[in-house]
Structure formats: C-alpha cells, structure tokens
Chemist: 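Following this message is one structure expressed as structure tokens.
Note that these values count all heavy atoms, side chains included, but never hydrogens, waters or copies made by symmetry. Since the structure is predicted, the reported quantities are computational estimates derived from the model, not experimental observations.
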Amino acid sequence: MIIFGTRGYLYQLAILTLVCGRCGNPSAHTLRKRVTKFTLFFIPLFPVSVKYATQCTFCGAETKIIKEQADPLLAQATAGQAPAQQPYGQPQPPQQQPYQP
C-alpha cells in the first residue's frame, strides 16, 4: 500500500506598509508565500505549487500576486530593515518627578 498526498505550508516573508486597495488605509500588509508539496508516506518531496499574497492587517483583505510582483516587495522590505547589531545609543537616566503632597 502506497500512501501519498499533498501538504500546504505558509511562510510569512515580510511586513510592509502599503495602501490597501479595498479600504484605502495605509496599513501594515503581510507578504505571504503558500507552498503545496507532494508527500509520499507523509514525507514532503517536491513543491507542486507556489502562490504569493499580501494581506491587509486593517481590514483583512487578501490580494493574490505573482512572483514577479513579490520579489520587489521582498527586496523593499529587506532594504528597509535596520541591522540587528546596530547600537541604539546610550541609555538615558530615568527622569525624577518632584514630590507633591
């Protein structure tokens, strides 16, 4: 007996600030990649389909896009990130408030 099928994987690639086409609000959008893989005996072997989409965090609208549209958005998101090792400056001492009885 051979057991085969498909399994879906969802990857969040980036979070971008875009203007939503449905609600018109400038809000955060998640760039997602959905991969469906062929499985044999519950072991994923190779991808069957790859789809990209953005989802508005304000209204929840999901827009399907093609890979050629997703690549520049991903490059824009990675270029806008600050390096993880960058220092944020010297810590400031806490401000003291005068005591008022």
Chemist: Apart from Phe58 itself, what residues make up its hydrophobic cluster, given side-chain heavy atom links below 4.5 Å?
Modeler: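 Cluster partners of Phe58: none, it stands alone.
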
Chemist: Any chance you could measure Phe42, atom CZ, to Ile3, atom CD1, to the nearest 0.5 Å?
Modeler: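 Reported to 0.5 Å precision, the distance equals 4.5 Å.
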
Chemist: With Phe46, which residues qualify under ring-ring contact (aromatic ring centres under 6.0 Å, His included), at least two apart?
Modeler: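 Phe46: ring-ring contact (aromatic ring centres under 6.0 Å, His included) contacts with Phe38.
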
Chemist: Test: salt bridge (Lys or Arg N to Asp or Glu O under 4.0 Å). Region: residues 23-39. Which pairs qualify, not counting sequence neighbours?
Modeler: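 Every pair satisfying salt bridge (Lys or Arg N to Asp or Glu O under 4.0 Å) with a residue in residues 23-39: there are none.
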
Chemist: Is there a path of hydrophobic side-chain contacts, each under 4.5 Å between heavy atoms of I/L/V/M/F/W/Y residues, joining Met1 to Ile43?
Modeler: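 Different clusters.
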
Chemist: How long is the span from the CZ atom in Arg7 to the OG1 atom in Thr39, to the nearest 0.5 Å?
Modeler: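 The CZ atom of Arg7 sits 8.5 Å away from the OG1 atom of Thr39.
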
Chemist: Could you tell me which non-hydrogen atom of Gly24 sits nearest to which non-hydrogen atom of Val19, and how far apart they are?
Modeler: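 Scanning both residues, the minimum pair turns out to be O-CG1, 3.8 Å.
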
Chemist: For residues 59-75, please give each side-chain donor-acceptor pair under 3.5 Å, one per line with the distance, not counting sequence neighbours.
Modeler:
from, atom 1, to, atom 2, distance (Å)
Lys67, NZ, Asp71, OD1, 3.3
Lys67, NZ, Asp71, OD2, 3.1
Gln69, OE1, Ile66, N, 3.2

Chemist: Who pairs with Thr6 by side chain to side chain contact (heavy atoms under 4.5 Å, CB included), at least two apart in sequence or on another chain?
Modeler: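 Applying side chain to side chain contact (heavy atoms under 4.5 Å, CB included) to Thr6 gives Thr36.
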
Chemist: Please tabulate, one pair per line, all N/O donor-acceptor pairs under 3.5 Å involving side-chain atoms of residues 9-18, not counting sequence neighbours.
Modeler:
none

Chemist: Take atom CZ of Phe41 as the centre, draw a 6.0 Å sphere, and report whether it contains more than 12 heavy atoms from other residues, nucleotides or ligands.
Modeler: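 Yes - once you tally the heavy atoms of other residues, nucleotides and ligands closer than 6.0 Å, there are more than 12.
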
